[in-house]
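When reading the values below, keep in mind they use all heavy atoms of this one structure, side chains included, and skip hydrogens, waters and symmetry mates.
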Amino acid sequence: MSAVKIDEQVAKTSGYNVIGKSVRRRDALAKVTGEAMFSTDVKLPGMLYAKVLRSPYPHAKITKIDTSKAEELPGVKAVVSVKNTPREKFNTSATMTFTVPHLDPVLDQYIFDDVVRYVGDEVAAVAAVSEEVAQQALKLIDVEYEQLPAVYDPLEAMREDSPDIHTGCHEGKNVPGDIVKIAMGDVEKGFEESDLVIEEMFKLPVQKQAQMETHAAVAQVTPEGNITVWSTTQTPHPTRMILSKVFGVPHSKIRVLNPPYVGGGFGVRIGCSGKAEPIAVALSMQAKRPVKIVYTREEDFTASDTRHGGYVWAKLGVKKDGTFHALELKGILNAGAYCSFSCEVPGVMGAMGLSVYRIPNENFVGYTAYTNTTPAGAMRGFGNPQAIFPLESVVDMAAEKLGMDSLELRLKNIMKTGDPWCLPYPCGSTGLAECIEKGAESIGWERRGKLNKPGATKVRGIGMGVGTHCSNAWPFCVDYDNAYITIEQDGSVQLATGVPDIGTGTSTSLPQLAAEVLGVDLDTVNITFGDTASTPFDIGSHASRTLYAAGTAVIAAAKDAKKQVLEYASDLLNAPAERLDIKNSTVFVAAQGLTNSCSGSGVCKVGSGERTSITMKELAAHAHLRNKQFIGVGRIVPPNSPPWEAHFAEVEVDLETGQVRVIKLAAAHDVGKAIHPAIVEGQIEGGVLQGIGYALSEEIKYNDKGRQQNYSFHNYFLPTAEDVPEIDAIIIESNDPSGPFGAKGLGETGLVPTAPAIANAVYDATGVRFKEIPLTEERVFFGLRNNKA
Amino acid sequence: MLQEYYLPNSVEDALVLLKGNNGQARIIAGGTDLVIDHQTEKVKADAFIDISSIEELNKIEEADGVITIGAAVTHSQVAKSQLIQKYAPSLVMAARSVGSLQIRNIATMVGNVVNAQPAADTAVALVALGAEAEVSSASGVEYVPEESMYDGVGKSTVDSTSQLVTRIRFDAPQSNQGTAFVRLCQRKALALPMLNVAVMVSLKGDQFEWVRLAMAPVGPRPKRATEAEEMLKGSPVTDEVFEKAVQLALESANPRSSMVRGSREYRMGVLPVLIKRALAAAVDQAKMKN
């Protein structure tokens, strides 16, 4: 549905003034004119430029490192390595700041170590007067390596004869942290009682976030030791905690901020941006000048988190009538060389994989294994796509075996509000059935089986997949939000929140919530965000949480401020606060409407009881002259609630070349409530395209020397603008009871069921079931050929 | 390190500058490959001589049944040229396949040829068109067949520090002739070909008068399927003949395995499909014109 249609619908059916409308984005003008400031743009007086020396080997001990020649090069101001940086173990991901007891965060890296564990691992860094000089200096650093045996596959890494990549793995060889186990009912008995059991193994690729702005940080250290870091992080507050631990500097002396824009995230910088922040700080401390580091695209690919690839086993038990009775999922994923989110991703994988359908007997076991590849961490979907491709494939297979329409089979089994499930919060709302209905209508589900003429070399097929997600990370890890709302002396509103705007429209949608609650004009609300110095703690922008969780804090702060305003106005308007409300930036007595205001008469002389309304401007000025300001504080722990999504794909398969093209993708999403419909549609479309890439072409492969073969936009196959098929983004609003104005999480959901929808469509077209993605030309070509034989 | 950047207005001036710099200067046109290669020090040069201001090189012309394309002509100009669309659809398709719109708007076709990548799209199409390059230098002008312009992977026989390719020319295809270019790639832009095939057919009634069939990347340079071409000469236009041509063409193909752009096995598996599609398209075109 188009944004305009939604706007009309909202205008007709709701009493909302600001939300539900696609108002102009706050960042639009700055971004289209090129004025918007990103970390890459930051320039300070005396600023130096950094370059990093990276390991050419997948696994090696550094036996010697001599930086003296580099230090002597004119223009070089600092060189850092294992010899002059803190021996403080940390984790570049924010897990070290929000892992909750009884679990312990895995701390397995230093800024620089004397062992390198993947090609691209940091060995040393230089700060110089220009990038060119810094680059030249890298060549003068003399390093001797003793190569160690390397391993690239997680199953292989767990074998006894494989090298230990890290010590202290208590769950098994090269397995970091704790194994995730989730169970409900009796899964063994469940399979025994099932009439049909489908069991398959699936293989999943390494995908890359490929956000537009590469990792960047600028660090400035004052003579007093105060540190300021401008960076691309998705989590300024947790990143400050990480830097505090690494450098032994109190939180209060460190400021981390976005400047204020971030060119995308998709999970790649929840915590540090690669190692940009700690390296910039280390160099700045040595050089006593500001230092800027901007990753090249190749560095971004090879030396910052990817999605987890690996192996997933799915086993589904079904009764004759199509009732799902037992489900078992098992995942062994590739952690890469360091444990970023490798203990959390399997958890979300299991939790989401087990929560789509109402199944009494369920079991999940999931973990990762270290290998000598680029670390895997958070990426949009966070384990969920890895569960849903296998799950929705076996559901499709079960439907065929049962002779049922797979859509009907899904409708029969999907989770309903209040159903028991494995998650520690209730299934508060679901619009999945409506998503399925609307998506099927858009794709023309009834055309299945009637699309192809005999003998055609290009065949079409239609497939679907469904899924859910979370709206934040509570209660799986630390997850809380704060917000300040300050009513300024002229009645305008200042909102401060610690979440960044990584391109998802936070700086527009959060003011929308504040304006709606306060009853003020949106134009009078300003927002400060993504800065530890001017905003209260927030866990950051990730986990599809920003609008839902930070939004809940904004609403709490706005309600608090509103309460103060109404209490103050109560005296002036001679009416109890409960009877007062605010609309069009005017406080009024609810029963009497917005009449008889004292606009234009300067500071209001009220109190006689004749007045029934007063503008915010007049009220704030009145309060100011009496030494009072209204400051609302929101401090919340968000609840959680599931968004839902159904994707339908129509594909065309070239039987002779194996090439698969998506013709149309209908993506119906239950977002609870669309606060800004155009942003919602944009999120869905972007997610779908990333899902199409995951399904068809995006994959990082390593050669036998541990080198990435797909390390740039030239050889990593993101879909381009020319490859975008028709995408029908359909918004379903189930009005969640817990979210801000009924909204739920959205950011990650756009790619959760895309791959199975496409793979199921390919099956519909060809009769060949693919259990490994991406469905590249070559994989499909040989799949079709081997199936024929 | 780059010291000078020249913008001559004539071929003569460009050649004088080349000579005066004694091999330290290099010709630049669009620069989409050269600037990157220079930055990564794959190519060294103290000076660039930019030919994009030389008006006579920025033309696509037909005269006496010969089509010429100047060295400053971009891929976008080729792809949008009505003349090329009319005579050589294969070259339009090839030019349209290179890089992305932004790249095609600045990168020149001759630059694509001189960069000498094994599967340079326009080079493959030009080989099938029987094109030749006009190479100018201080010692005069010579004409080099397109297929003789490779001196190894990424190495052109043209030395851009002393020579300048001024134009590409080929005979305008006749009404009994057709051209086609077929390409297999992972996405619609910014993708080097996994395989590309270009053909030009000349029909005589229901028979092939002759065929030029070029394939890439199946060796260090666009590969002519000469045995297949020989067989096709005088053969009837039938499925069986297509099949035979494919088998002979495969024997001249020796693709490498690439983790990025397909294994040898896959490339050998789909090459027949591309050849058949290209032949069929070119035959259809020749028949339509008649």
Side-chain angles (χ1 to χ4, degrees), chain A residues 131-133 135-136 139 152 205 210 296-298 457-458 654-662 689 692-693 696-725 774-786 788, chain B residues 1-2 32-33 36-41 79 96-104 107 117 119 182-197 239 242-243 246 255-281:
Chain A
E131 280 202 349
E132 289 72 21
V133 173
Q135 190 71 47
Q136 226 180 321
K139 294 179 190 163
Y152 311 118
T296 63
R297 182 59 64 181
E298 183 172 343
T457 55
K458 289 187 177 177
D654 186 330
L655 295 175
E656 294 183 318
T657 64
Q659 200 146 52
V660 179
R661 288 292 174 260
V662 177
L689 201 57
I692 290 173
L696 296 184
S697 59
E698 293 185 37
E699 180 175 24
I700 291 177
K701 291 192 253 187
Y702 292 85
N703 71 6
D704 58 2
K705 295 184 173 61
R707 281 187 179 272
Q708 279 190 7
Q709 299 301 293
N710 317 78
Y711 50 78
S712 77
F713 286 172
H714 178 61
N715 52 29
Y716 177 81
F717 295 101
L718 294 167
T720 70
E722 287 193 51
D723 298 289
V724 182
L775 299 173
T776 59
E777 294 77 5
E778 179 157 357
R779 191 162 285 137
V780 173
F781 178 83
F782 286 114
L784 295 176
R785 177 186 272 190
N786 296 340
K788 233 187 270 170
Chain B
M1 274 287 250
L2 201 64
T32 52
D33 287 315
I36 295 167
D37 288 346
H38 189 258
Q39 206 167 34
T40 57
E41 296 175 9
R96 171 68 184 76
S97 306
V98 172
S100 63
L101 184 61
Q102 295 92 324
I103 290 170
R104 291 191 292 273
Q117 289 306 307
V182 178
R183 186 184 206 257
L184 187 70
C185 51
Q186 285 112 319
R187 58 185 175 194
K188 291 180 183 164
L190 291 168
L192 293 176
M194 302 170 94
L195 279 174
N196 53 15
V197 172
D239 286 352
F242 276 27
E243 207 57 60
V246 163
R256 291 189 320 150
S257 268
S258 157
M259 287 181 79
V260 177
R261 293 189 179 83
S263 67
R264 173 188 165 85
E265 209 188 349
Y266 175 62
R267 286 168 160 176
M268 288 300 271
V270 287
L271 186 54
V273 180
L274 268 64
I275 293 172
K276 270 189 256 180
R277 288 181 184 178
L279 276 172

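Looking at Glu699(A), neither its backbone nor its side chain comes within 4.5 Å of chain B, counting heavy atoms on both sides. For chain A, the nearby parts of Val260(B) are the backbone and the side chain; heavy atoms of each come within less than 4.5 Å. At a 4.5 Å heavy-atom cutoff, the contact between Asn703(A) and chain B is made by backbone and side-chain atoms alike. For Tyr711(A), no part lies under 4.5 angstrom from a heavy atom of chain B. Residue Phe717(A) touches chain B through both its backbone and its side chain, counting heavy-atom pairs closer than 4.5 Å.
Looking at Leu718(A) and Arg187(B), their side chains come closer than 4.5 Å, going by heavy atoms from C-beta outward. The shortest side-chain heavy-atom distance between Val270(B) and Phe781(A) falls under the 4.5 Å cut-off. The shortest distance between side-chain heavy atoms of Leu192(B) and His714(A) falls below 4.5 Å.
A distance-only check finds no donor-acceptor pair linking the side chain of Lys188(B) to the backbone of Thr720(A) [under 3.5 Å]. In terms of modelled atom types and a separation under 3.5 Å, the side chain of Gln659(A) and the main chain of Cys185(B) share a donor-acceptor contact. Within the 3.5 Å criterion, the main-chain N or O of Phe782(A) finds no donor-acceptor partner in the side chain of Tyr266(B).
Note that CD of Glu777(A) and CZ of Arg267(B) are 11.5 Å apart. Values are rounded to the nearest 0.5 Å. Here the straight-line distance linking atom CG of Asn715(A) with atom CG of Leu190(B) works out to 11.5 Å at 0.5 Å rounding.
Residue with the most contacts toward chain A among Ser258(B), Ser100(B), Gly269(B): Gly269(B) (heavy-atom pairs, distance under 4.5 Å).
For the residue pair Glu778(A)/Ser263(B), the side-chain donor-acceptor check at 3.5 Å is satisfied.
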Review point. After noting the C-alpha distance and the side-chain angles of Arg277(B) and Glu656(A), does the key distance pass the salt bridge (charged side-chain N to carboxylate O under 4.0 Å, His left out) rule?
Key: CA-CA 11 Å; Arg277(B) 288 181 184 178; Glu656(A) 294 183 318; 2.8 Å; yes
